[in-house]
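Please read the structure below before turning to the comments.
The structure displayed is predicted, hence computed values, not measured ones. Side chains included, hydrogens not; waters and symmetry mates left out as well; all remaining heavy atoms used.
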Amino acid sequence: MDADVTDSAGTPAEPDNPAEDEPQGGAPGLDKSATASPPPDAGTPPEPVTTEPVTTEAGAKAEADAGTKADAEAVAEADKDADDDSGTDDATDGGTDSGTAPEVAAPADNDAATEPGHPRPRRHWLRWTAIGTSVVLLGVSAAGWWFYRKLDGNITTDTTAATELRTYEKERPVPVATDATNILMIGSDSRAGDNDKYGRDDGGSQRSDTVILLHLAANRESATAVSVPRDLMADIPSCRKADGSRSRAQFAQFNSAFELGGAACTIRTVEKLTGIRIDHHMVIDFSGFKDMVNAVDGVEVCLAEPVDDVDAHLKLPEGRQKLNGEQALGFVRSRHGIGDGSDTQRMDRQQRFLGALFKKVQSNGVLLNPTRLYPVLDAATKSVTTDPGLNSLKDLYDLARSMRDVPTEKVQFLTAPRQPYSGNRNRDELVQPEADKLFKALREDSPISVEAKDDGDTGVVADSDGESSTATPSERPTESPDESPTFSGTNAAVGMCG
């Protein structure tokens, strides 16, 4: 018998030590080399040794050890495979002649078992993966910061309006529903710069081509956009002009307020007209509108008849079609090529188009997709001038995100109740008491209802129900005190094609 095999029972061997697997007094002890895993070219493995049932305590222990021998050999074989690339030996070759069970080889991740000059492939791979991930994260962070700074830097801040409004703070309405938000959106008709092809630039003068009061409910479950007619006769206060002088207070056409004193004068005029406190304002020019439409890959409209308006640079066939930014701008500005040429019908068309634009942005997941959101934000920030409260990308994004979950049918559009002005049929005046009911509901953040209507002869295909609701609010049945006031208008769910 070899010298490294002990004759005494000693301490029971670990499962992966074949030298100790036979019970004392059973089959003769085997040399350790005989129990090691056979080489690849070995013949048929020896038949397993069978023994009679063991009745002694030592025999019972040996039998239990033999029952786990196969598992121990599988573990030893797995350890051997794991250590092949690092030069380590099989665990069964590491036994000693001290009479105690040899220790099982260390796990493959133990650096002590690695020979010098042979790094473990797994640790090498993990190290490079960690480095690569860090580089990618740093790159993404740097790119994200660059995009943020670029978009943030696009925004122009109107500090002049803020200063003027502070001067007249005591005259301004007191907020009633403090959690609701009222934003005055002003579309400028300036022909300066890239906008010169839309008309003559009279020394940089500009009027408000479109003014929309956007009311966001405090619970952000609805949004109401009210168009203020540009031809509405209104009381315009004394305003500070661009040259520092002041205009006189006057009763004049509403859109001249922007020409006289910019956004501040327009805001003060709207507040005086409605009693609603304006929280923020935005001024958007023609180029910005075009870029935003192009950023969402156009907006689909349906026309009941062809359109040919030379002044608006617009020529379109009848039927369903997608408008790009240039066509969309002509479509919402056109007065002579669609319908009866009235400003009222033009506002209705603008509302329908804005509803379709909102619907496309929301339904296409633009607000949730950074890749698609970036072009929209880039177009918007390049062309928008805001008050200091909305002059950062975070402010604008938070505003857009707050409207992300508003149902399209709860995004409502209407025009302030109006009728031809008694002193000049080419101008407008408010219809009372309907106008006051609307403004009161917005001030108090109370619900209002808007009935989708057929655009009649505006050139836009009628809603799917085919019903017309062109009556003015004064011709409608008076609602009960418990009902919300109802006005003629549309919502974003209707879209441009019914």
Side-chain angles (χ1 to χ4, degrees), residues 156-188 206-208 210-218 223-230 232-242 244-284 384-392 395-396 398-399 402 415-418 429-430 432-433 435-446 448:
T156 302
T157 306
D158 183 4
T159 56
T160 302
T163 301
E164 178 77 356
L165 292 174
R166 281 196 297 269
T167 302
Y168 293 93
E169 179 62 35
K170 293 182 179 180
E171 298 179 6
R172 302 184 65 193
V174 177
V176 178
T178 55
D179 291 333
T181 302
N182 296 300
I183 304 172
L184 197 66
M185 305 176 68
I186 305 171
S188 167
Q206 55 182 333
R207 293 195 175 193
S208 51
T210 300
V211 173
I212 295 177
L213 173 58
L214 177 63
H215 174 80
L216 303 180
T224 303
V226 181
S227 295
V228 181
R230 57 180 291 171
L232 183 71
M233 298 302 294
D235 289 313
I236 301 176
S238 172
C239 298
R240 183 180 184 276
K241 297 182 179 180
S245 63
R246 304 201 67 84
S247 66
R248 60 179 178 82
Q250 55 192 291
F251 183 71
Q253 191 174 330
F254 170 73
N255 69 339
S256 62
F258 191 72
E259 181 183 17
L260 290 171
C265 192
T266 303
I267 291 171
R268 292 176 60 207
T269 302
V270 170
E271 290 184 339
K272 185 177 182 63
L273 183 73
T274 65
I276 298 172
R277 171 79 173 217
I278 303 300
D279 301 301
H280 301 288
H281 75 273
M282 298 181 184
V283 180
I284 304 174
V384 69
T385 298
T386 74
D387 63 276
L390 282 180
N391 69 339
S392 74
D395 294 329
L396 292 177
D398 288 345
L399 176 65
S402 70
T415 300
R418 41 74 55 197
E429 64 183 6
L430 294 177
Q432 297 296 356
D436 284 344
K437 290 180 180 179
L438 171 63
F439 301 146
K440 181 176 184 293
L442 295 178
R443 280 196 304 271
E444 299 176 354
D445 196 31
S446 301
I448 65 172

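Proximity of L438 to T274: side-chain heavy atoms (C-beta onward) are nowhere separated by under 4.5 Å. The shortest distance between side-chain heavy atoms of F254 and I236 does not fall below 4.5 Å. Between I276 and P173 there is no side-chain heavy-atom pair separated by less than 4.5 Å. Side-chain contact between L399 and H280: absent, with no pair of heavy atoms (C-beta onward) separated by less than 4.5 Å.
Interatomic distance, I284 CD1 to T210 OG1, rounded to the nearest 0.5 Å: 10.0 Å. To the nearest 0.5 Å, the span separating OG1 on T386 from CG on N391 amounts to 5.0 Å. The CG atom of L260 sits 6.5 Å away from the SG atom of C239 when rounded to the nearest 0.5 Å. How far OG of S238 is from CZ of R248: 10.5 Å, rounded to the nearest 0.5 Å. Note: R246 CZ to C265 SG = 9.0 Å, rounded to the nearest 0.5 Å. Once rounded to the nearest 0.5 Å, the distance linking OG of S247 with CD of E259 reads 10.5 Å.
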Trace of the side chain to side chain contact (heavy atoms under 4.5 Å, CB included) decision for V211 with F258: CA-CA 10 Å; V211 173; F258 191 72; over 6 Å; no

CA sep, side-chain torsions, deciding dist, call: L273, L232, side chain to side chain contact (heavy atoms under 4.5 Å, CB included): CA-CA 11 Å; L273 183 73; L232 183 71; 3.7 Å; yes

Check against side chain to side chain contact (heavy atoms under 4.5 Å, CB included), D279 and D387: CA-CA 9 Å; D279 301 301; D387 63 276; over 6 Å; no

The test is side chain to side chain contact (heavy atoms under 4.5 Å, CB included); show your working for L165 and R268 and say whether it passes. CA-CA 8 Å; L165 292 174; R268 292 176 60 207; 3.8 Å; yes

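Qualifying salt bridge (charged side-chain N to carboxylate O under 4.0 Å, His left out) partners for D398, counting only residues two or more places apart in sequence or in other chains: K394, R401. Every residue two or more places apart in sequence or in another chain that forms a salt bridge (charged side-chain N to carboxylate O under 4.0 Å, His left out) with E271 is listed here: R172. Considering only residues two or more places apart in sequence or on other chains, P388 meets the side-chain contact (heavy atoms from CB on, under 4.5 Å) condition with T157, A162. For the side-chain contact (heavy atoms from CB on, under 4.5 Å) test, residues two or more places apart in sequence or in another chain that qualify with A435 are P417, L430, Q432, F439. Partners of T160 by side-chain contact (heavy atoms from CB on, under 4.5 Å), not counting sequence neighbours, listed by chain and number: D158, R240.
Although no hydrogens or angles enter the test, the distance criterion places a donor-acceptor pair under 3.5 Å between the side chain of T266 and the main chain of G262. No donor-acceptor pair closer than 3.5 Å links the side chain of S245 to the backbone N or O of K241.
The heavy-atom pair separating P229 from S227 by the smallest distance is CD-O, 3.6 Å. The minimum heavy-atom distance linking A217 with D445 is given by the pair CA-OD1, 3.4 Å. Shortest non-hydrogen contact noted between L442 and V226 is CD1-CG2, 3.9 Å. Minimum heavy-atom separation, R443 to G275: CD-O, 2.9 Å.
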Would you list the atom pairs, donor with acceptor, under 3.5 Å between side chains in residues 175-187 and any protein atom, with sequence neighbours excluded?
residue: T181; atom: OG1; partner: R220; partner atom: NH2; Å: 3.0
residue: N182; atom: OD1; partner: H215; partner atom: ND1; Å: 2.7
residue: N182; atom: ND2; partner: R277; partner atom: O; Å: 3.3

